[in-house]
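Worksheet: the structure to be examined is printed underneath.
For clarity, every value in this text was computed on a predicted model and none was experimentally measured. We use all heavy atoms of the structure for the numbers below, so side chains are in, but hydrogens, waters and symmetry mates are not.
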Amino acid sequence: MKATFLTGPKQIRVAEVPEPQLNPAGSGKDAIVRVVAACVCGSDVWPYRTARAGMQPRPTGHEFVGVVEAVGPNVKNVKVGDFVITPFYVCCGECINCQRGWTNQCLHLGWYGAGVPGEGYAEGGQSAKVRVPLADGTLVVVPGADEHNEEQVKDLLTLSDVMATGYHAAISGGVGPGKSVAIVGDGAVGLCAVIASKILGAERIVMMSRHEKNQKLAVEFGATDIVPLRGQEAVDHLKEMFDGIGPDCVLECVGTREAMAQAIQSARGGGQVGFVGVPHEGGSLDLGLMFGTNVGVRGGMATVRDYIEPLLERVQAGEIHPGKVFDMVFSLDDAAEAYAAMDERRAIKSMIRP
C-alpha cells in the first residue's frame, strides 16, 4: 500500500509499504481501517518546515476517517464494515483518566506514526490503511455514513481533530451565552472555534484575520466582526471595541509567543483565555499581568475523543458544516502538494483521498 513520510525540510515522500496486520502479540483489541480521507494538520506543517536534512523517514498524519476491514478477537464495539472516526491519538476508554473525560491523558495513550504502549507500532494516518490499537476506546462508529459523499466525509473528518480542537478552545475559554469572544488565529482551528463559539451561545464573535478567504468563511460560520490586525495594534482595537475593557473570552489558536501575549493582553479584567495552539517557541506567561488583571488561561491539547459524539450529533442534524475548512483536495500520490498548499497558505486545510 501507499503511505506518506517526512524525509527532510519540506520533503514529503509517498512510498510503497506492507499493509498493516493485526498484532498477534498484542491484546487482540486492534483494528485495520481502510482510510477514506485524511488531512494535513497545522501541527504537521511545523515539523515539515523545520525537519533536518538526512533524518530517518517519519510516517505522517494523525487525522482520518475510514472503513473497518478487520478486527482483533477482543474488539467488542467495532465490526468489519463500520465507518469510523478516530481522534488524533489512541486511548483505551477504560482507565480512570478516560472515564473522567480526559482521554488525551489516557494511561495507555499512543500516537499514530509512533509506538503505542503494549500494542506496538501504529501507522501514520496519511496512508491507504492504518492499524488502530485499542479500537474500542479510540474509534467512533458513524452508522449510515456514505464514504462517497464528499461533503459528509469532510464534515466527519473535522471531528478527528480540528472541529473538536476549536470546541476545546471555546470550552477552555469559558465561552457561553451572551459573552463576547475574540479569536486569535484564522486557520482551520480558529475557524472551527467560530462555530464552537456560536453553538455555545456567544453574542459577539470577533475573528482576527488578514486573509480574505478565511474572513469570508469566518463570517459564514458566525463571526460578527473581522479585525485584520496583530500585536499591540490588535490589542488596542479590541479594547476600543468592547468599552475600553476588551472581550470576555479570547481563544488562542496559533501557538506562538506573540499570539499568546496578544490573547492575554486583549481579555477584559477577569476574562479567560482558552488556548489550543501547539506551542512552537517556548516562552512563558506574563504572570504579573495575569495577577493584576485576574485573566485566566486554560487549555492545551484537545480531549478530542470526548467531544466527537456530541459534535457528531450536530453534524448529522445539519446544524454545523465544519468540513468547509477543507478547500483543497489531493490524492495520496499528491501528498507533497497538499503540504505545500498549507505551508504557502494557498489552502486553509488540505484533505487527502487515498
Side-chain angles (χ1 to χ4, degrees), residues 1-20 35 37-64 86 88-90 109-117 120-133 157 160-162 165 185-190 211 230 252-260 276-284 300-302 325-354:
M1 71 170 193
K2 293 179 179 179
T4 61
F5 296 85
L6 176 66
T7 59
K10 298 193 176 183
Q11 295 175 9
I12 295 292
R13 176 167 58 91
V14 180
E16 288 286 340
V17 299
E19 290 193 3
V35 177
C39 55
V40 180
C41 182
S43 65
D44 292 327
V45 176
W46 284 96
Y48 168 79
R49 293 168 177 164
T50 60
R52 55 182 177 80
M55 64 178 284
Q56 184 74 21
R58 191 180 86 183
T60 59
H62 51 260
E63 302 163 84
F64 63 92
T86 180
F88 61 78
Y89 51 84
V90 172
L109 188 68
W111 308 100
Y112 292 109
V116 179
Y121 172 81
E123 291 71 23
Q126 293 160 6
S127 305
K129 296 182 181 181
V130 179
R131 185 180 73 86
V132 180
L157 181 55
S160 68
D161 187 347
V162 67
T165 295
D186 69 346
V189 171
H211 303 91
R230 285 185 180 177
E252 192 281 313
C253 304
V254 182
T256 63
R257 286 192 297 264
E258 179 190 52
M260 180 61 84
V276 293
V278 179
H280 300 289
E281 302 173 334
S284 58
M301 180 172 57
V325 298
F326 292 111
D327 55 338
M328 297 185 77
V329 180
F330 301 85
S331 69
L332 187 56
D333 286 329
D334 293 325
E337 179 58 19
Y339 272 78
M342 290 273 291
D343 178 45
E344 298 162 9
R345 296 212 65 151
R346 290 183 280 119
I348 296 175
K349 193 165 178 71
S350 296
M351 185 167 85
I352 296 175
R353 282 280 216 173

For [Y], does its backbone N or O pair with a side-chain atom of [X] as donor and acceptor, under 3.5 Å?
X	Y	value
K129	P20	no
D333	V14	no
T256	A259	yes
D327	I348	yes
S350	V40	no

Check your understanding: Are E337 and R346 within salt-bridge range, i.e. N to O under 4.0 Å?
Key -> yes
Review point. Do NZ/NE/NH1/NH2 and the carboxylate oxygens of K10 and E344 come within less than 4.0 Å?
Key: no
Point to revise | salt bridge (charged side-chain N to carboxylate O under 4.0 Å, His left out) pairs, two or more places apart, involving residues 41-56 | key: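 Qualifying pairs, neighbours excluded: R49-D343.
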Review point. Using 30° and 60° as the class limits, which term best fits the ring planes of H280 and W46: parallel, tilted or perpendicular?
Key: parallel
Review point. Do the ring planes of F88 and W111 sit parallel (below 30°), tilted (30 to 60°) or perpendicular (above 60°)?
Key: parallel
Point to revise | Interatomic distance, E123 atom CD to F64 atom CZ [nearest 0.5 angstrom] | key: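 Taking CD in E123 and CZ in F64, the distance rounds to 9.0 Å.
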Practice item. To the nearest 0.5 Å, tell me how far S160 OG sits from Y112 OH. Key: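 Going from the OG atom of S160 to the OH atom of Y112 covers 9.5 Å.
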**Study point:** Considering all heavy atoms, the nearest G125-A38 contact
**Key:**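 The answer is O-CB, 3.5 Å.
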Check your understanding: Which heavy-atom pair separates V278 from S43 by the least distance, and what is that distance?
Key ->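 Nearest pair, atom of V278 first, then S43: CG2-CB, 4.2 Å.
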Check your understanding: Can you name the residues that form a side-chain hydrogen bond (donor to acceptor under 3.5 Å, both in side chains) with R345, not counting sequence neighbours?
Key ->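 By the side-chain hydrogen bond (donor to acceptor under 3.5 Å, both in side chains) rule, R345 matches D186.
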**Study point:** Test side chain to side chain donor-acceptor pair (under 3.5 Å) applied to Q126 and Y339, step by step
**Key:** CA-CA 11 Å; Q126 293 160 6; Y339 272 78; 2.9 Å; yes
Practice item. Would you please name every residue forming a side chain to side chain contact (heavy atoms under 4.5 Å, CB included) with P47, sequence neighbours left out? Key: L6, R58
